Number of protein chains: 2
Amino acid sequence: MGLTDAKSVKHGIRAVAARAGVSTASVSRALNNPDAVSPSLRVRIEQAIDALGYIPHAPARILSSRRSRTLGAIVPTIDNTMFARGIASLQHYLSSVGYMLFLTTSGYDLDVELQQARNLISRGVDGLVLRGDCHHEGLRKLLADNAVPFINVGIYQPDRPYPCVGTDNEAGAHRAAAHVIELGHRRIGIVSALQRNNDRASARVAGFRRALTESGLELRSQWHVEVPYTLDDAREAARYLLGLKDRPTAVVCGNDVIAYGVLLEAERSGFSVPRDLSVVGFDDLDWSRHLRPSLTTIYVPTGETWQRAGEYLVRSLAGEQTIMHREIDFSLVVRESTAPPPKSLK
Amino acid sequence: MGLTDAKSVKHGIRAVAARAGVSTASVSRALNNPDAVSPSLRVRIEQAIDALGYIPHAPARILSSRRSRTLGAIVPTIDNTMFARGIASLQHYLSSVGYMLFLTTSGYDLDVELQQARNLISRGVDGLVLRGDCHHEGLRKLLADNAVPFINVGIYQPDRPYPCVGTDNEAGAHRAAAHVIELGHRRIGIVSALQRNNDRASARVAGFRRALTESGLELRSQWHVEVPYTLDDAREAARYLLGLKDRPTAVVCGNDVIAYGVLLEAERSGFSVPRDLSVVGFDDLDWSRHLRPSLTTIYVPTGETWQRAGEYLVRSLAGEQTIMHREIDFSLVVRESTAPPPKSLK
DNA sequence: TGCATATCTGAAAACGGTTACAAACTAGAC
DNA sequence: GTCTAGTTTGTAACCGTTTTCAGATATGCA
């Protein structure tokens, strides 16, 4: 245990340097760019590192290098299979390339989202992953002022000047509605998620509507209900729709959770799906194929979407060329919950 | 636009200080402890701050103060309603007290967990929230060496020297099994989660077993199956159990997801629940009350549990007195999936 | 008014790394 | 043996805050 200098250091890179008999610069290099240091030094430094159990101090590193190798993500809520999946996938990818993820939630509140963005920027994130393109106007300014790269995920808007990756929700919804129209349905109800501050939800409603209009079908206003993201609310909506004198024979839903609610409530109220009522979801969560009857829905590769978002930012930060607008394909998955309408109601 | 000094600064606390005509020390104080600065200075500083759109640089702050107001959490996976709930609740609480959460996942791998802990410590977290008390042996040393406070969540082990908060899983499982025993079942199967590296799962199995033993019932080894956390695996287990010549009349499950799988598979195979088979879950996730038949299960206040974990760490860090072992009560929720066994099989 | 005491404020040294720059080597060519 | 170019290493300034310490200013009281 050799004395080093007058003032010996206990922790940190200086302690490692002292123990290995090199300068802090070399230790730093050995850590960040091993090839920049000769093999002999490298092993000496590595020995010193694990002899001391040295753990680099990320904040100091960030301060000094102005890069954190950390991305931030702001999602409405984590308590939702869709986002949980996406985040899990993003996190998995990021850790594979040596990045970390700072995750925060906004609760569908744009002010909170802005605040969280400030928070994340303060934390020194290198880039930001945002849900959709519906943000507080201060957010764009904040991102621009601080030169923080970002990407909107879960939507596809090639005409907008912001990077995004996701499926074309309008087209997906159109496909879903077209499916029940092809089956012969003429009275089609919509149970959508709340459209306020949710461009994904609105795009889907737009797609549903366009399909109906193109087929010359009317969408009565009482056949369109908006509900929050819970099974209970969806069930209530179903109860209302099925209670109408002139009820729809098919219901297209803004997402799978809503569809589950509609399906459960229909069955509980004595309607048989798909004999009496057809139901279509959107997202294709796990439950969709397990439920009885299983749910016809639009499959969306959520994991891939979020991973691509991560790739976009990591590549941009590395100075590589990247695609600004990337579309992720959806597909219609036909299962048991849809069938032609009953003769009597046709 | 007054020139300040020879070298004028664009960003950072110095820019604010220059603009407000004060020292950086005062700006820092105005930010961290507003009462320590006179009202007149405070307003001048606040004006300068939002005139410049100044955002404090957290890493610098952490480096200098050696506190990050950030907690780390390592969960097996985020893609699981239980954890998603817990995390959401923890995050909500933390943000209410000005803390942030760094979330990482281990995928049920103790080595990865250790690595993530190192990662989080490197990031400068003030404390760590861990799942259960089943960790890599290097983890305890790491935590001790770096003096990082932590808490094991989701379990209750008053006899261990580590802080924890959670329900008594053994007792909960005992209650679940006792319920079907009270209903008259004598042939009781167990479908548990994988016990390896999962003390929660093992405690539940222990509880099931104790209940059986106390009632003088035998647990045949072929009536106990372990499955990963997916609906598909649980369904397969159910298929196996129900295919046995001498099948159980009731199945107690390690968690709700497993119970869903058993329930779905039973119904799909033509068994009626609870007439032909009783099923009990554990956790009481959302789906349990929506499913048909709804699921009898053990309610666990996950949100409260994780929030308490956060409270424990925040309070400890503030130097307050805290309770090291906190038990969170569970309760049995009887719904439609349990009933006395069929006469013929009694 | 003078003095002790409490309250505010500022100068400057950390905090633990990275990195520009310079110095010291090394190897190859003449 | 000298010179050049290339490689490896070290020195020290800097990243943007907090915080100690001391000086300045205000307050209370005799």
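Below, chain A is the first sequence line, B the second, and so on; all start at residue 1. Source: prediction; values computed, not measured.
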task = Check step by step if side-chain hydrogen bond (donor to acceptor under 3.5 Å, both in side chains) holds for A/Tyr229 and A/Asn80.
result = CA-CA 9 Å; A/Tyr229 192 96; A/Asn80 168 320; 3.3 Å; yes
request  = Begin from the C-alpha positions of A/Gln47 and A/Arg44 and carry the test side-chain hydrogen bond (donor to acceptor under 3.5 Å, both in side chains) through to its verdict.
outcome  = CA-CA 5 Å; A/Gln47 282 169 354; A/Arg44 248 164 62 212; over 6 Å; no
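The nearest whole Å value for the distance from the CD1 atom in A/Ile45 to the C1' atom in C/dG17 is 14 Å. The separation between A/Ile55 atom CD1 and C/dG17 atom P is 11 Å, rounded to whole Å. B/Arg123 has its CZ atom 14 Å from the P atom of C/dG17, to the nearest Å. One can place CG of B/Asp35 at 9 Å from P of C/dC8, the figure rounded to the nearest angstrom. For the pair B/Arg44 CZ and C/dG10 C1', the interatomic distance rounds to 13 Å; values are reported in whole Å. Spacing between atom NE2 of B/His57 and atom C1' of C/dC15 amounts to 14 Å, rounded to whole angstrom units. Remark: C1' of C/dC15 and CZ of B/Arg67 are 15 Å apart, rounded to the nearest angstrom. The nearest whole Å value for the distance from the NE2 atom in A/His11 to the P atom in C/dC15 is 11 Å.
In terms of phosphate contacts, A/Arg61 brings a side-chain nitrogen or oxygen within less than 4.0 Å of OP1 or OP2 of C/dT18.
Side-chain contact between A/Phe150 and A/Val129: absent, with no pair of heavy atoms (C-beta onward) separated by less than 4.5 Å.
Between A/Ala25 and A/Pro59, the residue anchored closer to the 5' end of DNA chain C is A/Pro59, taking for each the nucleotide with the nearest heavy atom. Nearest-nucleotide positions on DNA chain C for B/Gly21 and B/Arg14 put B/Gly21 closer to the 5' end.
Distances were taken from every side-chain heavy atom of B/Ser23 (C-beta onward) to each of C/dT18, D/dT18, C/dG10; the shortest belongs to C/dG10. Across D/dT9, D/dT18, C/dG10, the shortest atom-to-atom separation from the side chain of B/Asn32 is found for D/dT18. The side chain of A/Ser65 sits closest to C/dT18 out of C/dT9, D/dT18, C/dT18. With distances taken from any side-chain atom of A/Leu63 to the nucleotides C/dG16, C/dG10, D/dT19, the minimum falls on C/dG16. Here D/dT8 is the nucleotide among C/dT19, D/dT8, C/dC15 with the atom lying nearest to any side-chain atom of A/Ser38. If you check C/dA12, D/dT17, C/dT18 against the side chain of A/Thr24, the one that comes closest is C/dT18.
Using a 4.0 Å heavy-atom distance criterion, B/Ile62 is classed as making no nucleic acid contact. Among the heavy atoms of the strands lying under 4.0 Å from A/Val37 are primed sugar atoms or P, OP1, OP2 only; no base atom is included. Counting any heavy atom pair closer than 4.0 Å across all strands shown, A/Ser28 reaches a base atom. At a threshold of 4.0 angstrom between heavy atoms, the contacts of B/Ser26 are confined to the sugar-phosphate backbone, with no base atom among them.
Neither side chain, B/His135 nor B/Asn197, offers a donor N or O lying under 3.5 Å from an acceptor on the other. Using modelled atom types, one finds no donor on one side chain facing an acceptor on the other under 3.5 Å when comparing B/Arg160 with B/Asn152.
At its two ends the helix from C/dT1-D/dA30 to C/dC30-D/dG1 runs along axes set 40° apart, each axis drawn from five pairs and the angle rounded to 10°.
Within the model, atoms CG of B/Asp79 and CZ of A/Arg85 stand 5.0 Å from one another, a figure rounded to the nearest 0.5 Å.
Taking 4.0 Å as the cut-off between side-chain N and carboxylate O, A/Lys141 and A/Glu137 do not count as a salt-bridged pair. Salt-bridge check for A/Asp133 with A/Arg140: passed, with a basic side-chain N closer than 4.0 Å to an acidic carboxylate O. Under 4.0 Å is where a charged nitrogen must lie from a carboxylate oxygen, and between B/Arg131 and B/Asp199 at least one such pair does.
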Please enumerate all protein N or O atoms sitting under 3.5 Å from an N or O of nucleotides 21-27 of chain D, with distances to 0.1 Å.
none

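A side chain to side chain contact (heavy atoms under 4.5 Å, CB included) with A/Leu130 is found for one member of A/Val153, A/Leu139, A/Ile151 and no other, namely A/Leu139.
Between the side chain of A/Ser65 and the backbone N or O of A/Arg67, at least one donor-acceptor pair lies under 3.5 Å.
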